[in-house]
2 protein chains.
Amino acid sequence: MATAREQAYLTLRRRLADGTYAPGSHLREEELAAQLGVSRTPVREALRRLDAEGWLRVVPNQGAFAFEWSVADIEEIFDLRALLEAHAVEHAATAPDQRGLDAMKAACELAERAFPGGDLAALEVISDANVRFHRAIWEMSGQARCRTILQSLAMPPMMLRNFRNFDAAGLRRSLDQHREMLTAIIAGNAAWAGAVMRAHVQAGRAVFLNAVVHGEAAAVAA
Amino acid sequence: MATAREQAYLTLRRRLADGTYAPGSHLREEELAAQLGVSRTPVREALRRLDAEGWLRVVPNQGAFAFEWSVADIEEIFDLRALLEAHAVEHAATAPDQRGLDAMKAACELAERAFPGGDLAALEVISDANVRFHRAIWEMSGQARCRTILQSLAMPPMMLRNFRNFDAAGLRRSLDQHREMLTAIIAGNAAWAGAVMRAHVQAGRAVFLNAVVHGEAAAVAA
DNA sequence: GGATGACACATTGCATACAATGTCGGTATC
DNA sequence: GATACCGACATTGTATGCAATGTGTCATCC
């Protein structure tokens, strides 16, 4: 088994992602420790790490509170993603490697096979394939810090759940953009790949903000 | 007095910046705790935070090791800074506020007064003023995450010491670029401000890499 | 009735003891 | 002589107890 700290970190992150903890709610160390079957020490370290990664906020002498996302937060995160994901894919296009290309291709195919079925299970698969695709780019880029930063920006709750807000046309476009990026990288055209990535992230931003405006803000909170 | 954790964090960060710990050296929890007069618990938390911020690397079951910088690391960091500092200053130029402008102006004047004397004390002042100037921009930008990321990218050792590598002309140009950014922000011209910032950071990158190539790589390590 | 202070409680901060893990040296074996 | 194994030591990982801090309530005073 992994270490208690790692287990606490992963469990808490999953719960923050799936909405177990309402935004703003107070996460008490002792309570979490009891639930996870470990002591407060690894829980404390997990909370500190989740704080650094933006999942929650630790206030000195008061404890951890599940993060409350504002529209401005979401806009900032999508903008930073557009900058950094484009930066990463431009590097990837400069020095592509076969393993990474295979991973990207596999992610594309996985998503495309699931696409026709528009149910929730299909969306799970597509969402997972999406993460794989982007992660493959981060790794191929060889930019370790950029990758670390993106990991903390792209993982938080609303990013993972955003796929539910896409309509069929939006999903189709998203998958097509993945294919286009793959083509651009194989062609070694960094400017092309970067431009598609910027469009890709901005499209996601638009879908998300549109969903928020149309009263599905609950999805943000969750 | 601040908390033990905060004190440990600040002390260790300062030591990592001033070269007390050689790159790659093993930082033992108990030893640090004894030196700082606190227990291992706050030291552990400080080490974890320094790991997240890129000052050192914590290997599970093995402990913390002072980070060893490669040329590729430095190039990546300067490139990310160029992206993110420009992003921040573009936001700042869109919505400038008087307090931030005053802080930037004060930082410019502080550096300019110290500039003619080219000794080490003057460089200290200029380096400090530089940090103040950039921090003022980050705060004015209103981009909280961008600011957090930049703080961890811009602080590490070689950033703080890079001023020693500038010649008089380079320093002069750096100060002029600060003034130009201030002018651009006051004019509300985000594109202008962003462009100057990109040039500013890339100039710093060139100076640094030049120093490394010319055998002053020791400065990197320190 | 509203404001203020003190006290009790809940919770986090820190210290310390013990357990688990990794490293390094020595020894036996091939 | 090289290598694999074993065990002692050093170090980190985790649990737990106590101290410090913050919060909410209740009584008291204005």
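Just so you know, these numbers use all the heavy atoms, side chains as well, and skip hydrogens, waters and symmetry mates. Just so we're on the same page: letters track the sequence lines, and every chain starts at 1.
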Side chain to side chain, [X] and [Y], heavy atoms closer than 4.5 Å:
X: A/I149; Y: A/L80; value: no
X: A/L209; Y: A/F78; value: no
X: A/Q35; Y: A/T11; value: no

Distance-only side-chain donor-acceptor flag, A/D73 / A/S70, under 3.5 Å =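 Short answer, yes.
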Give a yes-or-no answer on whether the side chains of B/W138 and B/E85 include a donor-acceptor pair shorter than 3.5 Å.
->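 Checked: B/W138/B/E85 side chains pair up, N/O donor to acceptor below 3.5 Å.
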Within residues 24-46 of chain B: residues closer than 4.0 Å to DNA chain C (heavy atoms) =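 Nucleic-acid contacts, sorted: B/V38, B/S39, B/R40, B/T41, B/P42.
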Output, in order, the C-alpha distance, side-chain angles, deciding distance and verdict of side chain to side chain contact (heavy atoms under 4.5 Å, CB included) for B/C146 and A/E76.
-> CA-CA 8 Å; B/C146 189; A/E76 181 184 6; 3.8 Å; yes
Should the pair B/E139-B/R135 be classified as a salt bridge under the 4.0 Å nitrogen-to-oxygen rule?
->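 Salt bridge absent between B/E139 and B/R135.
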With sequence neighbours left out, the residues meeting side-chain hydrogen bond (donor to acceptor under 3.5 Å, both in side chains) with A/E45 are A/R5, B/R44
Take atom CZ in B/R57; do more than 12 heavy atoms of anything else shown fall under 6.0 Å from it?
->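 No, because the 6.0 Å sphere around CZ of B/R57 holds 12 heavy atoms or fewer from other groups.
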Where each pair must be Watson-Crick or G-U wobble with both distances under 3.5 Å, what dot-bracket representation of DNA chain C is obtained, with crossing pairs in [ ] and other-strand partners as |?
-> ||||||||||||||||||||||||||||||
Nearest-0.5 Å distance, SG of residue B/C108 to CZ of residue B/R132 |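 It is 12.5 Å, given to the nearest 0.5 Å.
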Atom CH2 in B/W55, atom OH in B/Y21: separation rounded to 0.5 Å?
-> 13.0 Å
What are the bounds, 5' to 3', of the part of DNA chain C that sits under 4.0 Å from heavy atoms of chain B?
->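 On DNA chain C, the outermost contacted nucleotides are C/dG13 to C/dT23.
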Write down the distance between CD (A/Q7) and C1' (D/dG13), rounded to a whole number of angstrom.
->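 So the two atoms are 14 Å apart, to the nearest Å.
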Pairs where residues 88-111 of chain A contributes a residue and the test ring pair (Phe, Tyr, Trp, His ring centres under 6.0 Å) is met, not counting sequence neighbours | A/H87-A/H91
Every protein N/O lying under 3.5 Å from an N/O of nucleotides 21-25 of chain D:
unit_1 : atom_1 : unit_2 : atom_2 : d
D/dT21 : O3'    : A/N61  : ND2    : 3.4

